[in-house]
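Scroll down for the structure; my scribbles are underneath it.
Ligands are counted one by one from 1 in listed order, and the atoms in each one are counted from 1 as well. Since the model is a prediction, treat every value here as computed from it, not as a measurement.
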Amino acid sequence: RVKKKWAATQPKISSTRLALQIFDMTYGTQFAEQWPPVRASLLSEQKYGALVNNFSTAQEVVAGLEQQGAFDFVQEAFRRDCAAGPGVDGPGTSRDPSVVAGPPCAGAPESDSEPQSSGSLQDGRFPSLSPNIKCYVFPKGDITRFRPARPDRSGFLGYYLLDAASVLPVLALDVQEGHTVLDLCAAPGGKTLALLQTQACWRLAANDASGSRTARLRGVLQSYIPRVHCSEDKVRITSFDGRKWGELERETFDRVLVDVPCTTDRHSLLEEDNNIFKKSRTKERQRLPQLQTELLLAGIRAARPGGEVLYSTCTLSPLQNECVVERAAQLAQEELGISVRVVDLAPLAGLFRDVFHFAQGLRLGELVLPHLAANFGPIYLCRLQRVG
Ligand code: SAM
């Protein structure tokens, strides 16, 4: 019998190359003529945002950023929204928020649509943007890079560099004064830091299954937040498997952020290190939608009735985005008797359409598409409210 010599003869393909091949097949079909520009953007240098640290000498930091030509896209939208005044329709009221009960992705029947959403969204304006979140970006087409942040006189760093679109899930979570908040997959901590910048969380639980990444999260918080604002009674850092959280603490939190592990599309195309498209990680990659569904379900269980859950990823994949939301909502209903409804994020997207390029035609959430003139994302976000 002749032995197959796969190991010796099969040409080796890098993880980044495999990721590109798979994306070309799947996203090429999904996005059609939109795919080539999105692909080119993903393969080009990403743009960053500078999340201002209110616990540093923020005025000096802001002056420095403005001197470089950057602007605060959050507060600019906030001012525009306030100037529009009450009752003035904001952009993007198109989608009808509905209870999600069936998974069309899995071929199950579509749910009944519920009547219109929460009162605060009925006039099509986003209810509130935290006046304390400041994130600076360079204008469209300007590819200037931010300098690394420097410590102020007290040793706290002035800003945190991140994909500016990853501030959107935090804004969409709409944390209000006195809320208890759970950040289920928190490390390395960009969104935890943004949540703390709102200065609205009464208690914040920041969790990540990975011990080493939780250590990084602690390091980030130490570099940005004075201990008095980060004491153990205010910020609880844990390292549990988030899938179990719903069993530990049910119906507890006003707001839950579920920023799940995903194929991290941009990273997968550019970095061999820790690439989820490595052959040895094939099974892990294939199991991502299941893990994401379980994490979202745990987040829904952890939210109090009436509380809200924000699901986010940094992939373009519908199997990891809308399909996960639909499946988790279906399981919540069928297995736990919990109903959730989608809160329309079109008004929020409308506020930021000059800064980010949003995909059209999503049924449940919003998706920031990478664009050569505004090379942020991909970031998918979907806001759910626990009805019962
Ligand atoms: N929210 C983070 C931020 O803004 O910096 C990024 C989170 S990253 C997209 C996903 C995280 O989920 C990873 O840090 C990973 O360690 C964590 N994770 C993976 N499986 C998990 C699980 N079962 N429970 C909790 N966290 C998990």
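For the pair R287 and E284, the salt-bridge criterion is not met [side-chain N within less than 4.0 Å of a carboxylate O]. D72 has no carboxylate O lying under 4.0 Å from a charged side-chain N of K134, or vice versa, which leaves the two without a salt bridge. Salt bridge present: D24 and R39 bring a charged side-chain N and a carboxylate O closer than 4.0 Å. A salt bridge is absent between K47 and D163; no separation between the charged side-chain nitrogens and carboxylate oxygens falls under 4.0 Å. Electrostatic pairing of R145 and E45 counts as a salt bridge here, judged by a charged N lying under 4.0 Å from a carboxylate O.
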Determine all donor-acceptor pairs shorter than 3.5 Å in which one atom belongs to a side chain in residues 231-238; sequence neighbours excluded.
| unit_1 | atom_1 | unit_2 | atom_2 | d |
| --- | --- | --- | --- | --- |
| S231 | OG | D233 | OD1 | 2.6 |
| K234 | NZ | V228 | O | 3.2 |
| R236 | NH2 | E249 | OE1 | 3.2 |
| R236 | NH2 | E249 | OE2 | 3.1 |
| T238 | OG1 | N207 | OD1 | 2.9 |

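Looking at L257 against ligand 1, nothing comes within 4.0 Å, counting heavy atoms. Proximity of A186 to ligand 1, defined as any heavy-atom pair under 4.0 Å, is confined to the backbone N, CA, C and O atoms. Under 4.0 Å from ligand 1, the heavy atoms of R213 that appear belong solely to its side chain.
Between the choices G190, A187, S212, the shortest heavy-atom distance to atom 8 (S) of ligand 1 belongs to A187. With distances taken over non-hydrogen atoms, the option nearest atom 17 (C) of ligand 1 out of L291, D208, L184 is D208.
Within ligand 1, counting atoms from 1 as listed, the ones closer than 4.0 Å to a heavy atom of D241 are 22 (C), 23 (N), 24 (N). Within ligand 1, the atoms closer than 4.0 Å to a non-hydrogen atom of D259 are 1 (N), 2 (C), 3 (C), 4 (O), 6 (C), 7 (C), 9 (C), 10 (C), numbered from 1 in the order shown. Near S210, with a cut-off below 4.0 Å to any heavy atom, the atoms of ligand 1 are 16 (O). Residue P188 has at least one heavy-atom neighbour below 4.0 Å for each of these atoms of ligand 1: 5 (O). Atoms of ligand 1 found under 4.0 Å from any heavy atom of G189, numbered from 1 in the order shown, are 3 (C), 5 (O). Applying the 4.0 Å criterion to heavy atoms of G242 picks out, from ligand 1, the atoms 22 (C), 23 (N), 24 (N), 25 (C).
Nearest protein heavy-atom contact of atom 12 (O) of ligand 1 is C185 CB, 3.3 Å. The protein non-hydrogen atom at the shortest distance from atom 9 (C) of ligand 1 is V260 O, 3.4 Å. Shortest contact from atom 19 (C) of ligand 1 to any protein heavy atom: P261 CG, 3.5 Å.
P378 is not listed as a side-chain neighbour of L369, based on a closest heavy-atom distance of 4.5 Å or more. Taking the side chain as every heavy atom from C-beta outward, S317 and Y27 approach each other to under 4.5 Å. You'll find the side chain of P188 stays beyond 4.5 Å of the side chain of L217, heavy atoms only.
Under a 4.0 Å heavy-atom criterion, L295 is in contact with ligand 1. Ligand 1 has no atom lying under 4.0 Å from any heavy atom of T192.
The distance criterion of under 3.5 Å between nitrogen or oxygen atoms is met by A209 with respect to ligand 1.
With rounding to the nearest 0.5 angstrom, the CZ atom of R150 is 12.0 Å from the OG atom of S56.
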Handout entry: ring-ring contact (aromatic ring centres under 6.0 Å, His included) evaluation trace for Y48 with F146
Key = CA-CA 8 Å; Y48 283 89; F146 290 103; 8.3 Å; no
